[in-house]
Amino acid sequence: WRLTGIYGRPEAHLRHETWSLLRVLSSQINIPWLCVGDFNEILLVAEKEGGNKRSGRQMDAFRHALDFCRLRDMGFQGCPFTCRNGGSGEERVSSRLDRCVSTTEWLSLFPRATVTHEVCGISDHCPMLLSLHGSKKIKTRQEEINQV
């Protein structure tokens, strides 16, 4: 199987280059595939809070690229957002820009694979933990506070 690390173009008008690259990679070899990283795009309106609304055309282009490559979002446990801009109040923007996507063939090799969004530290992106053999539910910081 193969692993591809992704950093999607941050400029919305150039993001099509990232989707083109994914399409090229998907056509080069036909083995189980996992892509992990910062795609700099969301799939659904619910994956973003605050700031300007995301263009439906941008999200559609991302979905079409994943569909073409037969890549499916693996889901996650933990915080719904992986990136925060550091603002507060109305200036705060939270998004799920980081994700793990894979082919069904890859998932058949690792049927218990899970993705967890860890608690954000000093970075504006939270770390993602990919466990190939499943994981126990990891408590978020807020869940730990609520239990005290």
Side-chain angles (χ1 to χ4, degrees), residues 1-12 14-51 53-56 58-87 92-147:
W1 61 275
R2 75 172 158 172
L3 167 68
T4 302
I6 293 288
Y7 178 68
R9 294 294 300 251
E11 308 90 351
L14 296 176
R15 215 156 288 138
H16 66 93
E17 295 176 3
T18 303
W19 313 148
S20 294
L21 176 60
L22 278 176
R23 286 182 178 99
V24 168
L25 291 172
S26 75
S27 65
Q28 288 181 342
I29 190 167
N30 190 22
I31 61 174
W33 189 19
L34 171 69
C35 290
V36 178
D38 179 355
F39 288 84
N40 267 312
E41 189 54 80
I42 60 175
L43 288 172
L44 307 165
V45 171
E47 293 180 341
K48 182 175 186 274
E49 278 186 356
K53 288 188 176 184
R54 184 72 88 198
S55 158
Q58 283 177 239
M59 293 182 289
D60 285 344
F62 185 23
R63 277 192 292 274
H64 292 312
L66 293 180
D67 285 345
F68 179 90
C69 299
R70 299 180 7 247
L71 293 167
R72 302 291 175 254
D73 187 278
M74 292 179 58
F76 64 91
Q77 298 172 357
C79 179
F81 306 111
T82 62
C83 180
R84 292 202 165 89
N85 70 345
R92 184 180 188 136
V93 178
S94 302
S95 305
R96 182 179 177 220
L97 302 180
D98 309 274
R99 65 184 70 235
C100 295
V101 295
S102 67
T103 59
T104 55
E105 294 82 9
W106 187 89
L107 276 177
S108 70
L109 294 174
F110 301 100
R112 294 179 53 205
T114 59
V115 177
T116 304
H117 297 167
E118 297 288 326
V119 176
C120 290
I122 58 173
S123 174
D124 58 345
H125 289 259
C126 74
M128 291 188 305
L129 173 65
L130 171 65
S131 174
L132 299 181
H133 303 290
S135 64
K136 296 178 183 173
K137 177 155 175 25
I138 299 172
K139 293 181 184 175
T140 65
R141 179 77 175 128
Q142 189 60 46
E143 288 172 331
E144 291 173 357
I145 292 169
N146 289 344
Q147 286 186 340

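From a predicted model like this one, the values you see are computed outputs, not experimental measurements. Keep in mind that the numbers below use all heavy atoms, side chains included, and drop hydrogens, waters and symmetry copies.
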Which atom of [X] lies closest to which atom of [Y], heavy atoms considered:
X	Y	value
L107	S102	CG-OG, 3.4 Å
R84	C79	NH2-SG, 3.6 Å
K48	G51	NZ-C, 3.7 Å
R23	F68	CG-CD2, 3.3 Å
M128	V36	CE-CG1, 3.8 Å
N40	R54	O-NH2, 4.3 Å

Minimum side-chain heavy-atom gap [X]-[Y] below 4.5 Å:
X	Y	answer
L22	W33	yes
F110	L34	no
I42	L44	no
V115	R99	no
T104	R70	no

_Working for side chain to side chain contact (heavy atoms under 4.5 Å, CB included), residues L21 and E17_ = CA-CA 6 Å; L21 176 60; E17 295 176 3; over 6 Å; no
Straight-line distance of [X] [atom1] to [Y] [atom2], nearest 0.5 Å:
X	Y	atom1	atom2	result
L130	T114	CG	OG1	7.0 Å
R63	D73	CZ	CG	12.0 Å
W1	I31	CH2	CD1	9.5 Å
L71	S26	CG	OG	7.5 Å
E41	R15	CD	CZ	5.0 Å

*asked:* I'd like to know if D67 and R72 make a salt bridge, using a cut-off of under 4.0 Å between side-chain N and carboxylate O.
replied: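 A salt bridge is present here (some side-chain N lies under 4.0 Å from a carboxylate O).
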_Carboxylate-amine/guanidinium proximity below 4.0 Å for E49 and R92_ =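 Salt bridge flag = no for R92 with E49.
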*Chi angles and distances behind the side-chain hydrogen bond (donor to acceptor under 3.5 Å, both in side chains) call for R96, T82*: CA-CA 5 Å; R96 182 179 177 220; T82 62; over 6 Å; no
Whether the side chain of [X] engages the backbone of [Y] through a donor-acceptor N/O pair (distance < 3.5 Å, no angle test) should be reported.
X	Y	answer
S95	L97	no
T18	R9	yes
K53	S55	no

*Any chance you could lay out the side chain to side chain contact (heavy atoms under 4.5 Å, CB included) test for E105 and N30, step after step, and finish with the verdict?*
CA-CA 10 Å; E105 294 82 9; N30 190 22; 5.8 Å; no
_Tell me whether the rings of W19 and F62 are parallel (<30°), tilted (30 to 60°) or perpendicular (>60°)._
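Because their plane-to-plane angle is under 30°, the rings of W19 and F62 count as parallel.
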_If you apply the rule side chain to side chain contact (heavy atoms under 4.5 Å, CB included), what do you find for C83 with H125, and how did you get there?_
CA-CA 4 Å; C83 180; H125 289 259; 3.6 Å; yes
